Amino acid sequence: MKPTVPVLVVGAGPTGLALAGELLRQGVECRVVDRAASRPTHQARALTMWDGALDVLARHGIADEVIARGIPMTAARYWSRGRNFATVRFGAGSVAEGAANPLIITQPQVEEVMVARLAELGGAVEWSTALTALTDRGDHVEVRLEGPDGDEEELTASWVVGCDGNHSTVRELSGITFGGSTYGRSFILGDGDIDNPVVPGEAHYVLDPAGVLVLVPLPDGKLRVFADATTVGDLDTAPTAEELQRLADERAPFPLKIHDLQWSTRFLVHLRQATSYRAGRCLVAGDAAHVHSPAGGQGLNTGIQDAANLAFKLALVQRGCAGADALLDSYEAEREPVAADVMRSSHTQTRLWTVRSPVGRWARDTLMGRAARSGLLERRLVPAMAQIDLDYRKSPAVGPGGGRRALRRGLADAELVPADGGARTRLSTLLQAPRHTLLVLPGADTAGAAAVLAEAAPMADRLSAHVLLTAADHARVEGGGLPPEHTYLLPADHPGPTGDLAGARLVLVRPDGYVAGTSAELTAAAELLRPVAPAAPRLAQAPGA
């Protein structure tokens with residue numbers, strides 16, 4: 001008899017690891033396979049982690065460790081004709097302060113932390129294990145794997161998710177088309193010991209007529225050099241230190257001395273997106289679903305958030321929830337527009353990198369300089385790159401008042417005092433649970449709030465329910481019929497629901513932090529909870545019917 005698994009994750013990069021980690025947090029068994037023998041610890045194209053991806057890792061309990069291994073990115077400086085004509089600042093002191101706090105960290109460092117967390121959750125990566133065949137039977141997928149010694153294994157999976165990159169086997173075998181194009185230029189990058197005057201945390205983009213040159217200081221003191229090298233060196237071999245030195249001498253606005261390269265590579269840049277993110281019981285995420293220019297450092301971040309979006313939906317399907325099928329269909333509806341926006345933005349940035357004509361370069365430098373000095377560049381560019389407050393309001397699985405982040409669009413984070421006398425916690429901590437969270441907000445009557453909690457209780461495996469009260473409502477807790485273990489007092493100065501959530505008494509928050517729906521009436525709880533409610537049992541069909 002073939003072994004079975006609810007979800008087979010193909011690919012153990014950041015997307016696959018995030019997907020597997022969230023599935024295990026949700027209580028769903030999965031296997032993770034990767035054709036590589038292991039992940040090289042010194043080779044990494046991805047270098048920037050933005051707030052949206054860090055939010056996912058915070059839910060997994062590993063954001064602090066990742067942050068400790070990186071260095072905060074404080075600025076991106078743009079150079080042309082030997083002068084710094086525009087600067088975008090991040091974090092404290094920026095015009096868009098609070099909008100983004102990007103981190104410079106190499107992908108292997110991120111993966112190392114994620115693999116360790118996967119092990120803590122009971123998972124593991126099966127290296128040197130390749131997917132060689134799959135057949136979707138409608139209610140399951142038959143899969144063939146080839147292991148490290150060439151041994152073949154056949155298994156049955158309820159779902160197969162391709163997180164296996166640009167050349168995805170899952171995408172190919174499931175018949176999903178990968179539309180798009182390839183830039184007609186060759187790029188190189190290398191990390192090494194390089195003498196330079198670059199301030200740690202500052203990335204430099206040199207927009208030279210011969211091609212872009214990007215310099216980013218790494219957490220270990222080395223320097224990343226990325227450049228358009230279409231006319232430099234052999235297109236089939238990795239660049240040498242001498243070739244990178246020549247590019248630096250020709251383009252850099254300050255002196256660089258390359259002593260030694262830790263690693264280097266040459267590659268083409270693609271702009272492609274899957275025509276569908278799902279074919280039956282096979283799905284794709286991350287680079288298997290979309291690839292684009294590295295401009296903006298969005299690839300790793302978009303993939304990790306693909307995984308967070310998909311994992312909890314697969315978990316609800318596995319639990320047999322009433323609205324699970326529609327919720328799973330919303331994966332592409334929510335994530336495809338995000339990838340399309342990232343692709344447009346990275347393409348625009350790449351085109352700005354490659355302006356050749358003197359008039360075009362003058363116009364670019366002038367407009368970007370003015371936008372940077374006015375703060376417009378930070379206000380428009382930075383929040384989009386952070387991907388911390390995406391817009392899912394057009395999703396078919398989002399109800400009234402839903403589609404945006406709960407803690408950014410209507411609820412201020414705060415320290416909560418448990419009514420049962422337990423340790424204080426934060427609202428953000430409650431919303432990191434690996435399940436939906438139903439919040440009964442201040443202003444609700446006690447009896448109605450108690451009835452809502454009773455209605456939610458049978459769904460405890462997929463739903464947490466809590467009542468939030470103001471300090472003035474403290475008397476309601478004492479003898480008011482509210483379970484103290486699910487009741488919390490807000491600080492006296494907490495504004496309550498505002499913005500998108502103004503007037504709401506019930507708010508259902510998804511495991512990814514986005515609002516699934518709201519209601520001003522406590523009696524609407526049943527309808528609000530319908531997507532996570534158990535599906536009605538199927539009735540046996542009468543003979544001859």
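Predicted, not measured: the structure shown is a model, and the values here were computed from it.
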We want to know whether [X] and [Y] form a side-chain donor-acceptor pair, criterion being a heavy-atom distance below 3.5 angstrom.
X	Y	answer
Q245	D249	yes
T177	R171	no
S293	T350	yes
S345	Q349	yes
D191	W263	yes

Heavy-atom neighbours of [X] [atom1] exceed 12 at 6.0 Å:
X	atom1	value
R351	CZ	no
D325	CG	no
R35	CZ	no
R81	CZ	yes

Rounded to the nearest 0.5 Å, what separates atom [atom1] in [X] from atom [atom2] in [Y]?
X	Y	atom1	atom2	result
D306	E332	CG	CD	11.0 Å
N309	T302	CG	OG1	12.0 Å
M385	Q298	CE	CD	5.0 Å
L103	I105	CG	CD1	5.5 Å
R59	L54	CZ	CG	12.5 Å
Q109	L47	CD	CG	11.5 Å

- Query: On the ring face of Y514, is R404 found with NZ or CZ under 6.0 Å from the centre and within 45° of the axis?
  - Reply: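 The answer is no; the distance or angle limit is not met.
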- Item | R246 with E242: basic N within carboxylate O range, under 4.0 Å |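 Salt bridge: no.
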- Task: May I ask you to say whether R77 pairs ionically with E202, meaning some side-chain N is under 4.0 Å from a carboxylate O?
- Result: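 The answer is yes: the pair qualifies as a salt bridge.
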Would you say the side-chain atoms of [X] pair up with the backbone N or O of [Y], donor to acceptor, closer than 3.5 Å?
X	Y	result
E22	A307	no
S374	R370	yes
R278	G280	yes
H60	I62	no
S346	P294	no

- Message: Which residue is it: Y78, F85, W79? I am looking for the one with a ring-ring contact (aromatic ring centres under 6.0 Å, His included) to Y205.
- Response: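 Among Y78, F85, W79, the one meeting ring-ring contact (aromatic ring centres under 6.0 Å, His included) with Y205 is Y78.
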- Item | ring-ring contact (aromatic ring centres under 6.0 Å, His included), paired with Y331, selected from F312, Y392, Y277 |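 The ring-ring contact (aromatic ring centres under 6.0 Å, His included) with Y331 is passed solely by Y277 among F312, Y392, Y277.
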